[in-house]
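To start, the structure itself, in C-alpha cells.
Not measured: the values here are computed from a predicted model. Protein chains get the first letters and strands the later ones, always in sequence-line order, with residue 1 at the start of each. Heavy-atom basis, side chains included; hydrogens, waters and symmetry copies ignored.
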Amino acid sequence: MLDINFVRQNPDEVIAMLKRRQMAGEAPRVTRLLELDTERKQMVQRADDLKALRNRVSKEIADIKRTGQGSADQLILQMKTVSDDISTLDTELSTLETDMEEILLALPNKLHESVPEGRTAEENMLYKGPIEFIHQLDFPVRNHLDLGKSLGILDFERGAKISGAGFPVYIGKGARLERALINFMLDTHTANHGYTEVFPPFMVNQESLRGTGQWPKFADQVYHMPEDGLYAIPTAEVPVTNLHRGEMLDAASLPVAYAAYSACFRREAGSYGKDTRGFLRVHQFNKVEMVRFTRPEKSYEALEEILSHAENLLCALKIPYRVITLCGGDISANAAKCYDIEVWSPAEGKYLEASSVSNFEDYQARRSNIRFKPDGKSKPEFVHTLNGSGLATSRLMVSLLEHYQTADGKIKVPEALRQYTGFDIID
RNA sequence: GGAGAGGUCGCAUAGUUGGUCUAGUGCGCUCGCCUGGAAAGCGGGUAGGGUGUAACAGCCCUCGAGGGUUCGAAUCCCUCCCUCUCCGCCA
C-alpha cells in the first residue's frame with residue numbers, strides 16, 4: 001500500500017500513476033482519501049486533547065482519594081462527560097480510519113519510470129531475446145497433451161474425476177520428471193544463487209494474503225476454507241514474504257533471499273475458455289519461487305539478479321525463451337515493475353508465461369510492516385520486497401515435452417535433469 | 001475435542017485486594033567518566049506508531065489481539081489467538 005504521507009504530498013503523481021495503469025476512473029477515490037485524511041487529523045487532535053485532560057484530572061482524583069483532602073465527586077462527574085465525548089469521537093475516528101484503509105489497500109503500487117506506457121498485453125515490450133536453443137524438430141511436432149497421454153505420464157481425465165478440470169495427475173516417469181525439475185531448480189538456487197531454502201505451509205490466514213496484496217483485490221482467485229479461516233496459497237510468495245511480517249530485520253542480514261517450492265492453487269475464475277487446454281491453465285501447479293528482502297536502494301539491482309537466476313535455469317535446460325517488460329496497463333497492481341519470462345511452445349506456436357519477476361518496492365512491506373534500521377540510531381524504514389518464479393513447472397513442462405520429443409514419440413531428458421531423473425528417455 | 005497453567009519494554013523477570021506503574025529490577029547493547037590500554041567500578045541512555053514542530057518540546061496510543069466495566073485498567077469481566085502440561089482422538 002502507498003504511504004498516506006506520499007499521497008498527501010503528491011496527489012498528482014498518484015493520479016498520473018492511475019492513468020498509466022488504465023485506472024483513471026479510480027482518481028476520485030484519491031481525492032476522497034485526502035478529504036478523510038484532513039478530517040481525521042482534526043478529529044485525532046480533539047480526541048487527544050480530551051484524553052490529555054482526562055489523564056491529568058484522573059491523577060488529581062487519585063491524589064484527593066489518597067490524601068483524603070476534599071471531595072472528588074465534582075471532578076468525577078465532569079470526567080464522566082469527557083469520557084463519553086472521547087468514546088463518541090473514538091468510534092467516529094475508527095469508522096473514518098476503516099474507510100481510509102479500504103481505499104488505501106485498494107490503491108495500486110507506484111510504477112517505476114522504466115515501465116513502458118501501454119494499455120494491454122499487446123503493448124508489453126521485449127526486454128531480452130528471443131534466446132534460442134537448437135532442437136531438431138524436423139517432423140510434425142505433437143503437443144504436450146498428445147505426448148503425455150500416449151506415453152502414459154500425464155492423466156488429465158483421472159485428475160478431473162478425483163478433483164475436477166485443471167487438476168493434472170503426473171504418473172510414472174512423468175511424476176519423476178516433475179520432481180526432478182523441482183529438485184534441479186531448488187538445488188541450483190541454493191547452491192549457485194545464494195538462496196536459503198524454505199518449505200512453507202500451503203495454507204495461510206487472511207492477514208498473510210493482505211500482507212502480500214492478494215487480499216482484498218484478488219480474493220476471488222483464492223481457494224477458501226471457511227471453517228478454519230484458511231486460504232490455499234496461490235504462490236509461495238505469500239507464506240514466504242509473510243515469514244517476516246511485523247518484524248524489524250537486522251540491517252546486516254539484508255538482503256535476505258529465500259527459495260521455496262510449493263504447490264500453487266488458483267481458482268482462475270472468469271478465465272474459462274482462454275488457454276484452457278492441458279497445462280496451459282490449471283488450478284494446481286508446482287512452482288519454485290525466489291523471494292528477496294532488500295534495502296530500498298538495492299532493489300532494482302536485485303530485480304535484475306532474480307531475473308538472471310530464472311534465466312539460468314532455462315539456459316541449463318536449453319528451452320527457448322524471451323523476456324518482456326510488462327506495460328502500465330498489464331502489470332499487476334502490487335508490482336512497481338515486472339518482467340515476464342515466456343517459453344516457446346512449438347506446438348502452440350506461441351510464447352507461454354513461465355515466470356514473473358517483480359519488484360514491489362515498499363508496497364508489500366508497508367502492508368505487512370517489514371522494516372529494518374538503516375543504522376543503529378536512525379528511524380526504521382520499510383524494506384523492499386521482490387520475487388520471481390524460478391520457475392513454474394506447468395508451462396515449462398509444455399515447452400520441455402514439446403522441444404525434447406523425438407520423431408518416434410519419445411521424450412529425451414535434458415542433460416541437466418538426468419542426475420535427478422535417473423533415466424535419459426521417456427518411452 | 002476436554003481439563004489446567006501462562007502470554008509484560010531485545011532477553012529474563014517484578015507487578016493481579018484497580019490510582020505515586022507516564023511499568024521496577026537484572027542481563028544485553030550503547031555513550032561518558034576512570035585507565036598507558038583494558039577489565040571492574042561509577043553515571044547516563046536504551047521501543048514502535050500517531051499528532052505536532054523549521055527542528056526540538058509537548059500531547060495521545062500500545063503490557064498477545066479485540067471488546068466491556070470505571071472518573072481512572074498491566075491489574076476486574078467477556079470473546080478470540082498463541083504457548084506449555086495432562087487426557088481423548090488420529091496420519
Side-chain angles (χ1 to χ4, degrees), chain A residues 1-9 33-105 162 199-211 215 225-231 239 242-254 263 362 364-383:
Chain A
M1 105 186 129
L2 297 179
D3 182 358
I4 181 68
N5 291 311
F6 174 80
V7 181
R8 197 184 295 140
Q9 284 154 25
L33 178 67
L34 293 174
E35 285 167 13
L36 291 173
D37 179 53
T38 311
E39 212 175 311
R40 189 191 82 95
K41 283 198 179 201
Q42 292 165 354
M43 215 179 278
V44 163
Q45 198 57 257
R46 271 192 287 155
D48 281 2
D49 286 348
L50 289 178
K51 283 175 187 173
L53 174 67
R54 182 177 66 183
N55 287 344
R56 200 161 2 98
V57 176
S58 285
K59 263 173 217 157
E60 287 174 29
I61 293 171
D63 282 341
I64 293 171
K65 295 251 176 183
R66 184 152 22 81
T67 58
Q69 290 180 352
S71 163
D73 295 353
Q74 189 60 34
L75 291 176
I76 289 176
L77 213 60
Q78 287 173 14
M79 286 310 103
K80 231 189 233 299
T81 322
V82 170
S83 273
D84 285 347
D85 292 348
I86 290 173
S87 68
T88 307
L89 274 175
D90 275 349
T91 307
E92 289 174 30
L93 198 56
S94 99
T95 311
L96 203 102
E97 285 176 343
T98 307
D99 291 350
M100 287 177 68
E101 182 168 317
E102 195 185 314
I103 296 177
L104 219 41
L105 280 176
I162 58 181
F199 204 128
F202 291 0
M203 287 195 248
V204 295
N205 55 33
Q206 198 180 98
E207 289 71 49
S208 294
L209 286 179
R210 180 170 336 125
W215 192 276
M225 267 62 68
E227 289 280 297
D228 303 286
L230 290 170
Y231 300 81
N242 276 281
L243 275 179
H244 295 300
R245 171 153 51 87
E247 293 185 12
M248 187 83 69
L249 300 180
D250 181 3
S253 70
L254 297 175
D362 63 4
Q364 293 181 326
R366 181 170 284 106
R367 283 171 168 258
S368 34
N369 196 25
I370 305 172
R371 296 171 297 170
F372 75 106
K373 286 190 181 177
D375 56 73
K377 297 256 161 64
S378 53
K379 281 270 172 193
E381 276 183 48
F382 290 107
V383 297

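Nucleotide B:G28 forms a pair with B:U46, judged by Watson-Crick or G-U wobble geometry with both contacts under 3.5 Å. Nucleotide B:C9 forms no Watson-Crick or G-U wobble pair with any nucleotide shown, as no partner meets the under 3.5 Å limit on both distances. The partner of B:A54, taking Watson-Crick or G-U wobble pairs whose two distances both stay under 3.5 Å, does not exist in any strand shown. Pairing for B:C71 is with B:G19, a Watson-Crick or G-U wobble pair whose two hydrogen-bonding atom distances lie under 3.5 Å. Both distances falling under 3.5 Å, in either a Watson-Crick or a G-U wobble arrangement, place B:C84 opposite B:G4. Using N1 to N3 plus N6-O4 or O6-N4 for Watson-Crick, or N1-O2 and O6-N3 for G-U wobble, each under 3.5 Å, B:G66 pairs with B:C78. B:G41 is paired with B:C33 under the Watson-Crick or G-U wobble criterion, all donor-acceptor distances under 3.5 Å. Across the strands present, B:C89 finds no partner; the criterion is a Watson-Crick or G-U wobble pair with both atom distances under 3.5 angstrom.
Protein atom CD of A:Q78 is 15 Å distant from nucleotide atom C1' of B:G72, rounded to whole Å. Regarding A:R8, its CZ atom lies at a distance of 8 Å from the P atom of B:G52, rounded to whole Å. At whole-Å resolution of the value, CD in A:E207 and P in B:C80 are 16 Å apart. Straight-line distance from the CZ atom of A:R46 to the P atom of B:G50: 21 Å, rounded to whole Å. When rounded to the nearest whole Å, the span between CG of A:N369 and C1' of B:U62 equals 13 Å. Regarding A:K41, its NZ atom lies at a distance of 16 Å from the P atom of B:G49, rounded to whole Å. Computed from coordinates, the A:K80 NZ to B:U70 C1' distance equals 8 Å when rounded to whole Å. Taking atom CD1 of A:I370 as the reference point, atom P of B:G48 lies 18 Å away to the nearest angstrom.
With rounding to the nearest 0.5 angstrom, the CD1 atom of A:I86 is 4.0 Å from the CZ atom of A:R54. To the nearest 0.5 Å, the span separating CG on A:D99 from CG on A:L104 amounts to 12.0 Å. Here CG of A:L50 is found 11.0 Å from OG1 of A:T81. Values are rounded to the nearest 0.5 Å.
Every residue two or more places apart in sequence or in another chain that forms a side chain to side chain contact (heavy atoms under 4.5 Å, CB included) with A:I76 is listed here: A:I61, A:K65, A:A72. A search for side chain to side chain contact (heavy atoms under 4.5 Å, CB included) contacts involving A:N242 returns A:S208, A:T212, A:V238, A:R245, A:S368, not counting sequence neighbours.
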Practice problem: Encode nucleotides 14-23 of chain B as B, S and - characters from 5' to 3', where the letter depends on protein heavy atoms closer than 4.0 Å: B to the base, S only to sugar-phosphate, - to neither. | Solution: -----B----

Distances for protein N or O near nucleotides 55-61 of chain B N or O, under 3.5 Å:
| unit_1 | atom_1 | unit_2 | atom_2 | d |
| --- | --- | --- | --- | --- |
| B:C60 | OP1 | A:N55 | ND2 | 2.8 |
| B:C60 | O2' | A:D48 | OD1 | 2.9 |
| B:C61 | OP2 | A:N55 | ND2 | 3.4 |

Please produce a list of atom pairs where a protein N or O lies less than 3.5 Å from an N or O of nucleotides 88-91 of chain B.
none

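When atom types are taken as modelled, the side chain of A:R367 and the backbone of A:R210 share a donor-acceptor pair closer than 3.5 angstrom.
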Quiz item: Please walk me through it: do A:K51 and A:D90 pass side-chain contact (heavy atoms from CB on, under 4.5 Å)?
Solution: CA-CA 11 Å; A:K51 283 175 187 173; A:D90 275 349; 3.3 Å; yes

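Residue A:M79 has its side chain nearest to B:C71 when only B:C71, B:U51, B:G49 are considered.
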Distance-only check: which donor-acceptor pairs under 3.5 Å involve side-chain atoms of residues 40-48 of chain A, not counting sequence neighbours?
| unit_1 | atom_1 | unit_2 | atom_2 | d |
| --- | --- | --- | --- | --- |
| A:R40 | NH1 | A:E97 | OE2 | 2.9 |

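Where A:P380 and A:L77 meet RNA chain B, the nucleotide closest to each residue was compared, and A:P380 sits on the side nearer the 5' end.
A sub-4.0 Å separation between OP1 or OP2 of B:U70 and a side-chain N or O of A:S83 is absent. Taking only side-chain nitrogens and oxygens, A:K373 comes nearer than 4.0 Å to OP1 or OP2 of B:G48. Residue A:R371 has a polar side-chain atom (N or O) positioned under 4.0 Å from OP1 or OP2 of B:G49.
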